[in-house]
There are 2 protein chains.
Amino acid sequence: MIEIQACLICPFKSTAAKVLSDDELTLMGDNCAQATFKKGNTIFKQGIFSSNIVYLKEGIVQMHIEGPTNEQIIKIAKGPTYLGIPTTLDEKYNRYSATALSEVHACFINISTFKTFVQENGQFAYEIILDLCKNEVNLFNKCVNRVQKHIRGRVAEAILFFSHEIFDSNSFDLPLTRSEFGNFVASTRETISRIMTELHTEKIILLKGKHITILDNKRLHLISRSG
Amino acid sequence: MIEIQACLICPFKSTAAKVLSDDELTLMGDNCAQATFKKGNTIFKQGIFSSNIVYLKEGIVQMHIEGPTNEQIIKIAKGPTYLGIPTTLDEKYNRYSATALSEVHACFINISTFKTFVQENGQFAYEIILDLCKNEVNLFNKCVNRVQKHIRGRVAEAILFFSHEIFDSNSFDLPLTRSEFGNFVASTRETISRIMTELHTEKIILLKGKHITILDNKRLHLISRSG
DNA sequence: TTACAAACGTAATTTATATCACATTTTTAA
DNA sequence: TTAAAAATGTGATATAAATTACGTTTGTAA
């Protein structure tokens with residue numbers, strides 16, 4: 001289901017898009033298509049040619065990349081946010097894939113239109129740069145945590161990530177299977193299972209299948225920090 | 001040793017700076033100071049307030065960040081390249097540190113001057129964005145490799161990195177101690193020692209203290225890929 | 001409703017790599 | 001030049017977490 005979008009009146013505008021003029025937003029609307037994806041659908045795929053910047057209006061998405069041995073989840077993001085700036089601007093073809101983890105509404109902005117805005121609207125360019133900078137610093141920290149924390153700490157960190165960054169709630173349905181969660185925190189299904197039940201037994205979280213309720217925020221933070 | 005720099009005639013201009021007009025380059029020169037650092041010197045430090053974009057003209061630099069348990073090297077870069085865009089633009093204070101691994105010549109560009117160029121010269125902004133995008137994609141790949149490769153593969157990868165990305169030669173002096181190298185590939189001094197002598201014994205590299213000569217490029221690539 | 005597959009839990013075992021311990025070499029400074 | 005400190009090499013041991021194995025639950029299609 002693809003439809004032309006009226007960016008001008010879009011309630012999900014990015015910080016960058018908010019600085020665009022009405023004329024520019026109209027132009028963007030003429031060069032942008034929206035699509036809806038169900039959970040599990042591929043939004044874009046590594047290795048495929050792409051000529052769009054993907055903007056995630058609503059929904060949760062996992063970004064994943066082919067590693068030396070298997071596919072690896074590198075990031076989970078929630079809209080509104082840009083999804084594919086690095087993958088598109090730098091190269092002709094996508095350097096990673098994006099898959100919906102919930103119902104997703106995404107806009108595909110023509111890359112040359114986007115480029116025009118960068119080159120002709122300095123404030124827009126600046127906001128895009130800020131966004132990329134934030135991503136880089138976050139990624140640095142994530143890398144260090146993956147290297148230095150033990151799995152228990154990484155699991156705690158991931159649970160807090162879903163709670164704070166994705167669902168804004170201490171009670172939520174995990175949008176991943178145990179295997180996927182294991183992959184996300186660089187571990188395995190079995191280890192995740194073990195640690196989850198540990199945290200449940202210790203009354204730090206309440207676990208009911210995929211539903212997680214954080215019972216002891218303080219201790220969970222402690223585990224996340226101490227690794 | 002700090003001196004005002006004539007950016008206009010600088011032979012180390014970044015791809016982005018090459019699109020600046022003569023007037024802009026003169027303005028940059030007026031708002032930019034150069035400094036020289038010896039190996040081991042701190043170029044900027046995490047947590048410290050910063051109002052400059054750091055441009056590495058010449059030299060090798062390690063970027064490192066405080067992790068949950070210890071300081072972690074997140075990146076090693078060679079000039080010419082920007083060093084501190086994410087760390088400076090996003091936040092008032094540095095989110096990571098940079099330390100010289102060789103004699104380094106670096107320029108400290110006033111952040112509001114830099115911001116002016118981003119906002120008033122679209123091509124400049126676009127080149128900066130391209131640069132940030134490349135960094136992000138590279139970082140994605142590095143993360144996956146760290147997670148999925150065994151140490152032997154990560155050591156091989158790091159040796160090839162120094163050979164191809166830093167020294168453009170198959171024979172070079174490692175600018176890191178074994179401990180630092182261990183940290184760089186998320187391992188330890190002892191393990192690095194062991195693997196290095198292994199690779200030496202297998203005649204894949206020639207090892208003489210810190211000097212490395214790659215003897216069997218093909219097998220080293222194989223080890224790097226297979227992990 | 002049954003049947004089949006996918007997801008999940010858990011215990012036993014294995015393994016890669018960290019840690020420990022100590023000897024040797026190299027570098028630095030006095 | 002000598003002494004102290006830092007860096008390095010290497011074997012033995014410990015350990016976190018993967019792998020293996022198998023039983024159970026949940027979801028889904030016929």
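Annotation: salt bridge (Lys or Arg N to Asp or Glu O under 4.0 Å) contacts of A/E157 (sequence neighbours excluded): A/K149. Remark: A/R146 engages no residue in a salt bridge (Lys or Arg N to Asp or Glu O under 4.0 Å) (not counting sequence neighbours). Residues forming a side chain to side chain donor-acceptor pair (under 3.5 Å) with B/D216 (at least two apart in sequence, or on another chain): B/R219.
Between A/I195 atom CD1 and D/dA18 atom C1' the separation is 12 Å, expressed in whole Å. Here D/dA7 presents its C1' atom at 19 Å from NE2 of B/H211, a figure rounded to the nearest Å. Atom pair A/H200:NE2 and C/dC8:P shows a separation of 16 Å (rounding to whole Å applied). The interatomic distance linking A/I192 (CD1) with D/dA16 (C1') rounds to 14 Å, in whole Å. C/dC8 atom C1' lies 11 Å from atom CE of A/M196, rounded to whole Å. Counting to the nearest Å, the P atom of D/dT19 and the CD atom of B/Q148 are 11 Å from each other. One interatomic measurement links the two molecules: CG of B/L176 to C1' of D/dA6, which rounds to 16 Å at whole-angstrom precision. At whole-Å resolution of the value, CZ in B/F181 and C1' in D/dA7 are 16 Å apart.
Among the nucleotides C/dC20, D/dT20, C/dC8, the one closest to any side-chain atom of B/E190 is C/dC20.
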Any protein N or O atoms within reach of nucleotides 12-17 of chain C? Criterion: under 3.5 Å, listing atom names and distances.
{"unit_1": "C/dT17", "atom_1": "OP1", "unit_2": "B/I151", "atom_2": "N", "d": "3.1"}

Under 3.5 Å, which protein N or O atoms sit close to an N or O of nucleotides 24-28 of chain C? Give each pair with its distance.
none

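Put simply, the side chain of B/T201 gets close to the backbone of B/T197: a donor and an acceptor are under 3.5 Å apart. With B/N141 contributing its side chain and B/N138 its backbone, the two residues share no donor-acceptor pair below 3.5 Å.
Side-chain N/O atoms of B/R178 include one lying less than 4.0 angstrom from OP1 or OP2 on D/dG9. One finds a side-chain N or O of B/K210 lying less than 4.0 angstrom from the OP1 or OP2 phosphate oxygen of D/dT8. Phosphate proximity of D/dT10 to B/T197: present, with a side-chain N or O under 4.0 Å from OP1 or OP2.
Comment: A/E202 engages A/R152 in a salt bridge, judged by a side-chain N to carboxylate O separation of less than 4.0 angstrom.
The only option from B/N170, B/I60, B/L174 that meets the side chain to side chain contact (heavy atoms under 4.5 Å, CB included) definition with B/F162 turns out to be B/L174.
Sequence neighbours left out, the pairs with a member in residues 131-157 of chain A that pass ring-ring contact (aromatic ring centres under 6.0 Å, His included) are A/F140-B/Y96.
Among the heavy atoms of the strands lying under 4.0 Å from A/T177 are primed sugar atoms or P, OP1, OP2 only; no base atom is included.
Pairing of B/C7 with B/C32 by a disulfide is not supported, the SG atoms lying 2.5 Å or further apart.
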